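Starting from 1, each residue takes its place in the sequence as its number. Predicted model, so just to flag it, every value in this text is computed and none were measured.
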Amino acid sequence: MCDKDTIRKAIIKGSIGKKKRHDVKIVMDDIEAHVDKIYNLLTEESFVPTIPKTVKIKDASSGKEREISIVPYYPDGIMHQLCVEVMRPVLMRGMYHWSCASIPGRGNMHAIKYVKRCMKKDRKGTKYCAKLDIHHYYPSISPKILIWSLARKIKDKKFLKLIYAIISSNPGGGLAIGYYINQWLANFLLEPLDGFICRQDGVKHYVRNMDDMIIFGPNKRKLHKAVERIREFLTRMKLELKGNWQVFPTDARGVDFVGYRFYHHKVIMRRRNFLKFTRQCRKARKLIAGKRKISFRTAAGLLSRAGQLKHCNGTNIRQKYFDGLTKELKSIVRQRAAQRTAENNGKIMVGCLRPSAV
């Protein structure tokens with residue numbers, strides 16, 4: 001972590017998508033000075049985590065209200081990014097391959113492809129499904145248990161001390177939602193659980209999206225027994241299995257997971273996503289019919305939702321609701337992209353001019 005090239009890389013990487021923020025602009029205007037400051041904080045062991053500000057937001061995908069913790073980019077955001085940069089190779093070595101959340105290259109598509117393949121190629125092994133979730137996962141995590149688990153892989157005491165200071169700075173206890181580092185630590189903590197589930201009798205296929213778990217098996221009774229063992233395993237980790245867990249035949253109701261409902265013979269959009277998509281289509285058609293302007297945000301959002309149809313049986317939905325809108329929406333997105341490119345080129349040209357010329 002004390003390598004200045006690594007610190008510089010973490011600063012640049014952590015600023016992606018945040019360069020409009022005031023605290024990020026200050027750092028990016030003088031990167032080298034902040035590299036030296038972070039280097040001194042590390043070598044002198046003088047970094048003290050900032051107490052986060054909490055903001056309540058409504059998660060658009062799930063409809064749940066969440067408390068997000070926010071810390072300044074310098075020094076906390078940079079330090080979080082730097083910790084992840086150095087420990088990522090260590091965490092990735094033992095990570096379950098079908099753990100599919102907050103990991104580069106393992107997003108929703110990683111999980112979708114796996115579930116589709118399992119249900120298509122192994123109908124008998126996916127006859128029944130167990131759907132599990134951990135009750136208030138992030139707030140329930142014990143920082144001490146997490147550090148003990150991490151200490152089995154990482155022996156650097158200074159690094160472990162730094163990680164413990166970061167995760168225990170959350171005044172509400174548990175892991176703070178919103179810290180970049182906590183996504184990796186939360187995934188790492190469930191690594192032993194992944195191995196435990198895969199070894200259970202009756203478990204044929206298993207995929208996890210953070211704390212949402214999908215288990216397939218040919219025998220309903222064995223899946224019930226596996227769930228009870230998983231509950232006991234989580235209790236030893238001071239975590240609680242949510243009470244609404246279910247074991248059911250996949251053909252009877254489908255597997256609701258990562259925005260889709262999976263059956264052996266088809267994949268459809270989750271009902272909530274489908275309703276949002278159709279409402280947005282109607283809204284766009286009304287605006288076009290009334291010769292009113294569609295905002296860039298509406299156009300980009302609708303094109304994004306239409307992209308979900310590529311991964312399910314959505315031909316009829318596309319023909320009924322979306323056909324005829326594509327050209328107009330793409331035109332709006334292209335105009336905004338061209339406008340941003342022109343603005344960025346203008347800034348670069350101004351920056352290249354001599355002060356006297358300006």
Side-chain angles (χ1 to χ4, degrees), residues 52 54-69 95-96 98-103 106 108 111 115 128-150 167-200 202-203 205-217 220 222-248 253-259 261 270-272:
T54 56
V55 178
K56 286 188 177 181
I57 65 163
K58 190 169 184 180
D59 190 340
S61 60
S62 64
K64 296 177 182 176
E65 194 176 72
R66 301 188 187 278
E67 272 197 359
I68 304 297
S69 299
M95 192 173 288
Y96 179 57
W98 300 110
S99 170
C100 308
S102 306
I103 302 162
R106 297 193 192 178
N108 284 356
V115 176
Y128 294 100
C129 171
K131 195 170 186 295
L132 318 175
D133 191 4
I134 298 174
H135 180 67
H136 293 315
Y137 179 47
Y138 269 61
S140 301
I141 293 173
S142 165
K144 287 185 178 179
I145 290 177
L146 178 55
I147 285 296
W148 290 338
S149 300
L150 200 60
I167 61 178
S168 59
S169 65
N170 182 29
L175 291 191
I177 299 173
Y179 286 13
Y180 175 58
I181 189 174
N182 286 352
Q183 301 172 9
W184 286 86
L185 294 174
N187 261 318
F188 161 74
L189 186 62
L190 294 181
E191 185 184 306
L193 176 66
D194 294 333
F196 179 79
I197 291 174
C198 290
R199 293 191 298 269
Q200 294 305 301
V203 173
H205 306 282
Y206 162 63
V207 59
R208 176 169 64 81
N209 185 54
M210 191 54 76
D211 63 323
D212 291 332
M213 294 165 276
I214 298 293
I215 305 170
F216 292 108
K220 190 175 181 179
K222 287 183 178 179
L223 279 183
H224 273 281
K225 287 184 177 180
V227 171
E228 289 304 317
R229 294 191 196 102
I230 292 166
R231 186 203 299 277
E232 293 169 6
F233 190 93
L234 287 171
T235 303
R236 292 198 293 271
M237 297 174 68
K238 296 188 178 179
L239 298 171
E240 182 187 352
L241 189 67
K242 193 179 282 187
N244 63 349
W245 64 270
Q246 303 160 10
V247 176
F248 55 89
R253 48 184 286 194
V255 181
D256 190 347
F257 189 55
V258 291
R261 191 174 288 275
R270 181 181 284 164
R271 179 176 171 79
R272 181 168 60 242

Rounded to the nearest 0.5 Å, how far apart are [atom1] of [X] and [atom2] of [Y]?
X      : Y      : atom1 : atom2 : value
Asp133 : Leu241 : CG    : CG    : 8.0 Å
Asp211 : Met213 : CG    : CE    : 6.5 Å
Ile141 : Leu146 : CD1   : CG    : 6.5 Å
Leu185 : Leu150 : CG    : CG    : 6.5 Å
Leu189 : Tyr137 : CG    : OH    : 4.0 Å
His135 : Asn244 : NE2   : CG    : 10.0 Å

Could you go through the side-chain contact (heavy atoms from CB on, under 4.5 Å) check for Ile103 and Asn187 one step at a time?
CA-CA 9 Å; Ile103 302 162; Asn187 261 318; 3.7 Å; yes
Using a 4.5 Å cut-off on heavy atoms from C-beta on, say whether the side chain of [Y] contacts that of [X].
X      : Y      : answer
Tyr179 : Ser169 : yes
Ser102 : Trp184 : no
Ile145 : Lys238 : yes
Leu190 : Ile134 : yes
Ile214 : Cys129 : yes
Leu193 : Leu239 : no
Lys131 : Phe248 : yes
Phe216 : Val115 : yes

Margin query: Apply side-chain contact (heavy atoms from CB on, under 4.5 Å) to residues Val55 and Glu67 and explain how you reach the verdict.
Written below: CA-CA 6 Å; Val55 178; Glu67 272 197 359; over 6 Å; no
Heavy-atom donor-acceptor pair, [X] side chain to [Y] backbone, under 3.5 Å:
X      : Y      : value
Asn182 : Ile177 : no
Arg261 : Arg253 : yes
Gln200 : Phe196 : yes

Over all heavy atoms of both residues, which pair between [X] and [Y] is shortest? Give the atoms and the distance, please.
X      : Y      : value
Ser99  : Arg106 : O-CD, 3.4 Å
Thr235 : Arg231 : OG1-O, 2.8 Å
Tyr138 : Met210 : OH-CE, 3.7 Å
Asn209 : Cys100 : OD1-O, 2.7 Å
Ala130 : Val247 : CB-CG2, 3.9 Å
Ala226 : Val203 : CB-CG2, 4.3 Å

**Q.** Pair His224 + Trp245: ring centers closer than 6.0 Å
**A.**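 Yes; Trp245 has its ring centre under 6.0 Å from that of His224.
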Quiz prompt | Test: Glu228 and Lys225 ion pair at under 4.0 Å | solution = no
| field | Electrostatic pair Asp194-Arg208, nearest N-O below 4.0 angstrom | value | yes
Exercise. Go through the steps for Thr54 and Ile68 under the test side-chain contact (heavy atoms from CB on, under 4.5 Å), then give the verdict.
Key: CA-CA 5 Å; Thr54 56; Ile68 304 297; over 6 Å; no
### Query
Hey, what's the ring geometry for Tyr96 with Tyr206, parallel, tilted or perpendicular (30° and 60° as the breaks)?
parallel
